[in-house]
*Asks:* 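Dropping the structure in here first, questions after.
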Amino acid sequence: MGVSPGEPVLDSLGTTAAALLPAAAWLVRVCVTAEPAAARACTAAAAGPARAHLASLLTALAGAVAAGAAATGVVVAVSGRRPGGSAGGVPLAAAAGSGLLAVLTCALLGVALGALGSRPVLPGRARSLLVTVVAAVALLVGPVSPANAAVRTLVTGSRQGAVTYPVLPCAAAAALVAGAAAVACRAARRGG
């Protein structure tokens, strides 16, 4: 979505990574609310509520990362190519690696947002949906957000014709998702 054949690869990868953040947050909402309450209670009784909730978060993360990796492959395959196997003036392999890190960053932040913006942390549907939407926009446009930094790294690299890897934003996103998962699992353990 938002990517056309022939466009610079890093710009297209930035668009792909940015679109993954709200998708990952929504995927968490689906994973933690898909089961009926009785089935969820059985799972929590067998494995413990925190472990059952963590399994839902990990399932959402795996789905978001898989979708992001597939989208990265498609973007690299259809983006504008120049002679010598490059796309938009940058090597394809380096662009794909940078794009995968940005996708991972946005997927991690989306899962963190989904963990904090859905049950058991925010049980009400309307309020949790509003918080998720507003926070997703804030994470994408906020200047100190790891998602913004990762996407900005791709866009800046496209303008300069150089690939930079968003390692620090990815590490920050990993720390944030670990904290968010801990908060959500603790709320699940308390019976939220």
Side-chain angles (χ1 to χ4, degrees), residues 1-3 12-45 47-72 75 102-152 154 166 169-170 172-192:
M1 183 169 73
V3 176
S12 299
L13 287 170
T15 302
T16 301
L20 188 62
L21 191 147
W26 187 257
L27 189 55
V28 170
R29 289 181 59 85
V30 169
C31 287
V32 300
T33 60
E35 287 183 311
R40 191 168 50 240
C42 289
T43 304
R51 287 181 64 196
H53 194 73
L54 183 60
S56 295
L57 296 178
L58 291 174
T59 300
L61 179 61
V65 169
T72 299
V75 166
V103 159
L104 180 59
T105 301
C106 290
L108 288 168
L109 285 173
V111 169
L113 175 59
L116 296 176
S118 59
R119 71 153 212 90
V121 178
L122 284 177
R125 271 190 189 168
R127 185 175 46 162
S128 69
L129 185 59
L130 178 65
V131 166
T132 302
V133 169
V134 170
V137 171
L139 284 172
L140 288 172
V141 300
V144 296
S145 164
N148 182 297
V151 172
R152 194 172 52 239
L154 293 175
C170 191
L176 288 172
V177 77
V183 168
C185 289
R186 182 178 220 172
R189 189 179 306 123
R190 289 185 176 177

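Position 1 is the first residue of the sequence; numbering continues from there. Just so you know, these numbers come straight off a predicted model, no measurement behind them.
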*Asks:* To the nearest 0.5 angstrom, please state how far the CZ atom of Arg127 sits from the OG1 atom of Thr132.
*Replies:*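 The OG1 atom of Thr132 is 11.0 Å from CZ of Arg127, to the nearest 0.5 Å.
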*Asks:* Hey, is the main chain of Thr33 close enough, under 3.5 Å, to the side chain of Arg119 for a donor-acceptor pair?
*Replies:*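 No: the side chain of Arg119 does not pair with the backbone of Thr33.
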*Asks:* Which heavy atom of Ala64 sits nearest to which heavy atom of Leu27, and what is that distance?
*Replies:*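 Smallest interatomic distance, heavy atoms only, reads N-CD2, 3.6 Å.
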*Asks:* Kindly give the heavy-atom pair with the smallest separation between Val32 and Ser56, and that separation in Å.
*Replies:*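 That closest heavy-atom pairing would be CG1-CB, 3.8 Å.
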*Asks:* Inspect the surroundings of CZ in Arg186 and state if more than 12 heavy atoms from other residues, nucleotides or ligands are less than 6.0 Å away.
*Replies:*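 Counting other residues, nucleotides and ligands, CZ of Arg186 stays at 12 neighbours or fewer.
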*Asks:* Please identify each residue that fulfils side-chain contact (heavy atoms from CB on, under 4.5 Å) with Ser145, with sequence neighbours left out.
*Replies:*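 Here the qualifying residues are Leu109, Leu139, Ala147, Asn148.
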*Asks:* On a heavy-atom basis, which atom in Cys31 and which in Thr59 lie closest, and how many Å separate them?
*Replies:*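 For Cys31 and Thr59, the tightest heavy-atom pair comes out as SG-CG2, 4.1 Å.
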*Asks:* How far does OG1 of Thr43 sit from NE2 of His53, to the nearest 0.5 angstrom?
*Replies:*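 Reported value, rounded in 0.5 Å steps: 13.0 Å.
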*Asks:* For Pro166 and Ala102, which heavy atoms make the closest approach, and how far apart are they?
*Replies:*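 Between these two residues, the closest heavy atoms are CG-N, 3.9 Å.
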*Asks:* Could you go through Leu129 and Trp26, starting from their C-alpha distance and side-chain angles, then the distance that decides it, and tell me whether this counts as side-chain contact (heavy atoms from CB on, under 4.5 Å)?
*Replies:* CA-CA 9 Å; Leu129 185 59; Trp26 187 257; 3.5 Å; yes
*Asks:* Of all the heavy-atom pairs spanning Ala184 and Ala115, show the shortest one and how long it is.
*Replies:*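 Shortest heavy-atom contact: CB-O, 3.8 Å.
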*Asks:* Could you verify whether a donor N or O on one side chain and an acceptor N or O on the other, from Arg29 and Ser128, lie under 3.5 Å apart?
*Replies:*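 Looking only at side-chain atoms, Ser128 and Arg29 do form a donor-acceptor pair, the distance falling under 3.5 Å.
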*Asks:* Checking Arg40 side chain against Glu35 main chain: does a donor-acceptor pair fall under 3.5 Å?
*Replies:*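 Here the side-chain-to-backbone pair exists.
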*Asks:* Would you mind reporting whether Leu176 and Pro146 have side-chain heavy atoms less than 4.5 Å apart?
*Replies:*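 Pro146 reaches Leu176 side chain to side chain.
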*Asks:* Any idea which heavy atoms bring Ala180 and Leu116 closest together, and the distance?
*Replies:*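 Closest heavy-atom pair between Ala180 and Leu116: CB-CG, 3.8 Å.
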*Asks:* Pick one: which of Val111, Leu108, Leu104 meets side-chain contact (heavy atoms from CB on, under 4.5 Å) with Val65?
*Replies:*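 Result for side-chain contact (heavy atoms from CB on, under 4.5 Å) with Val65: Leu104.
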